[in-house]
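For reference, the structure is listed below as structure tokens.
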Amino acid sequence: MSTITRRTRNSSATNGAANKEPDENSTDRDDGPTKSFTFDNVTFYATYQEMVTAKRQRNQAMLIQSGLLDAKAALDSTVAAQRAASAATARGIKRSKAAATGENLPRRKSSRLAGEAAPNIFVESESGGRIQTSGVDTAVEEAVLYEPQHYSGRVNDGSPLSMEQAVNNCGAKWVNDDGTTMDAANQFVETLGSVVREYRGAQRHASPTTVTHNMQKDLDALSLDDEANVAKVTPERIYSVECNPSPHCLIVCAGDKLGYLGIWNVDQDNTASQEASKRGKISTTDGVHLFKPHSGPISTLSWNESGSKLLSCSYDGTVRMLDVEKQVFQEVFATYNDEQIYKDKIGFGLDTGFNSWVQCMELDQRHGRDGDCFFLSTSEGHVLHIDTRAKGQVTLNQKLSEKKINTVSLHPNGFTMATAGLDTTVKLWDIRKMSGTSKKIPKTSIASQNAGKSINSAFFSPSGKRIVTTTMANTIDILEDAHLSSGLITKPKSRIRHDNITGRWLSTFMAKWRPSSSTFADECFVVGSMVHPRTIEIFSGASGKLLRGIQGDALTAVASRCCFHPNADKLVVVGGNSSGRVTVAR
DNA sequence: CTGGGCGTTAGTTGT
DNA sequence: ACAACTCCACGCCCAG
């Protein structure tokens, strides 16, 4: 291959060893007939163009000879066959037919949220983008016009968001226009509440979590073949997926690029729901319910231990908490700029403009597992610690990097923290040695490892013994006892070659540990993959070996963000893709 | 040393 | 079938 020379900028970048044949360069603009052109040291060509043509023919012949074209054709046809065989599932949320043809419609929330008694102003019908309303047109215009503009385009002024508001924020495009969506959402939240109560009750007479006796057997049993285990849960590309911890009921939530939160009751009895929908009771969303508590990508979702609260962290600079029992999205943290009107806010002065956003969240379990305290990392290299108990405060604001920090992870010992990000390193810190606000980057961390390329994620394993990192250098590294080492870590315990180049349209891969009920030797993690046919991969932490590549008809796209169910009796793995679809393997 | 520009990547939706 | 659209990723090159 090294003799193939192409002249585009990119090919010379990707094929650094490309031989530049000097005559090609030196005679680039000289087609004069007085010279002859040498190629392959054999043939003489009268003109430059003839030489180029010959070269192209040679290259073509080489491609055919190499079998690359055949291989590509074979791959293309298998991919095409897969595409044809499995069209995207229709299960889950649907685009409203009326809205599909038009641009974004004015939201109903305008008049509702403004608190105006504006009866009868509803979008009655839409066709071809034209909106017919009942009620007075000017009133609609005013309602839209005076819709309050919130800080940085956030969904509201930071006050608690009711379930109804969160549903209405979704806009007409994704809300079923049969008017039953709200009922369905209400009913669903009731269901969620009873799931939580049941789980709490079970926890009270707790027996130790079921221990998996034969990991490999459980892994082998995972299946991705049932189409009923796929649903469109969010409108846009998924940034985060998480399972409610209740083992009694499989409830999966996903957050997307635009701040939508979809919660899917996977085993909702669809026949019953369709019966009900015929009676006009609830809508047929296949157990999927859509809310919009944020205005930017939801980067992290985390349930508290009892499954009663869901924390969502977004690039929009806010962290919200869905309280299942109170049925409200409470804003527990938000960044603001340094205008004096915000001086009483917890996040005052933490938003420094366009290049500043909150990148990720990690719950701090040191003071109970209710989600009261958490760490945040920012696009500007800060790590924050927020304590929402009492009045709520920023208890740590430390700059740790010049570049974006993609993840923070706290060791179970409660003081070793791992950060990883665009500065191409994993760094370990002792948070006991940090306090308050510091803009100075500490000169030394306890230990660090340099991947050479950006690091998508670095997480401590449940035992704390290991760290798994996913890097843009196309590796997954497993470090062992990194929290006990110091200085530069030159060699990971094991290094897995893994294609992590997802490009700009897919969320980056982040290998995630199975959270519980695994022994130290059984620790394993899940990660998405670019492999054809589409696969969700599970690796052993101890050996770095691939334990299982889950494939099946139900997985038709790359699952960029994956997670395990924390404590279902049976092994459950969930993946979210770039079009908002969630796939459950079990 | 920084920032602009470009290329890569996969899947859905509209024509 | 095919083209358009996505564009809060990141690496690399290259100009200033």
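Proteins come first, then strands; the chains are lettered A, B, ... in the order of their sequence lines, and each starts at number 1. Atoms considered below: every heavy atom in the structure, side chains included; atoms not considered: hydrogens, waters and symmetry mates.
Following rounding to the nearest Å, D256(A) (CG) and dG11(B) (P) show an atom-to-atom distance of 17 Å. If you measure from atom CE of M530(A) to atom C1' of dG11(B), you get 11 Å, rounded to the nearest angstrom. In this structure, I501(A) places its CD1 atom 11 Å from P of dA10(B), rounding to the nearest Å. Regarding K403(A), its NZ atom lies at a distance of 10 Å from the C1' atom of dT2(B), rounded to whole Å. The distance between atom CG of N355(A) and atom C1' of dG3(B), rounded to the nearest whole Å, is 11 Å.
Annotation: ring-ring contact (aromatic ring centres under 6.0 Å, His included) contacts of F375(A) (sequence neighbours excluded): H385(A). Take A557(A) and apply the side chain to side chain contact (heavy atoms under 4.5 Å, CB included) test, not counting sequence neighbours, and it matches N577(A). Not counting sequence neighbours, the partners of S356(A) by the side-chain hydrogen bond (donor to acceptor under 3.5 Å, both in side chains) test are D351(A). Taking the ring-ring contact (aromatic ring centres under 6.0 Å, His included) definition, one finds that Y342(A) meets it with Y151(A), Y336(A), sequence neighbours left out. Remark: E537(A) pairs with no residue by the salt bridge (charged side-chain N to carboxylate O under 4.0 Å, His left out) rule, at least two apart or across chains.
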- Pair E362(A)-T407(A), side-chain contact (heavy atoms from CB on, under 4.5 Å): steps then yes or no: CA-CA 8 Å; E362(A) 157 103 347; T407(A) 60; over 6 Å; no
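Per the stacking criterion (ring centres < 5.5 Å, plane angle < 30°), W505(A) does not stack onto the base of dT9(B).
Taking atom C1' in both dT9(B) and dC12(C), the straight-line distance is 16 Å, to the nearest Å.
Residue R534(A) places at least one side-chain N or O closer than 4.0 Å to OP1 or OP2 of dG11(B). Proximity of S578(A) to the phosphate of dG11(B): no side-chain N or O atom is located under 4.0 Å from OP1 or OP2.
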Protein and nucleotides 8-11 of chain C: nitrogen or oxygen contacts under 3.5 angstrom:
unit_1  : atom_1 : unit_2  : atom_2 : d
dA9(C)  : OP1    : R237(A) : NH2    : 3.4
dA9(C)  : OP1    : Y239(A) : OH     : 2.8
dA9(C)  : OP2    : Y315(A) : OH     : 2.9
dA9(C)  : N6     : R504(A) : NE     : 3.0
dC10(C) : OP2    : K404(A) : NZ     : 3.1
dG11(C) : OP1    : S454(A) : N      : 2.7

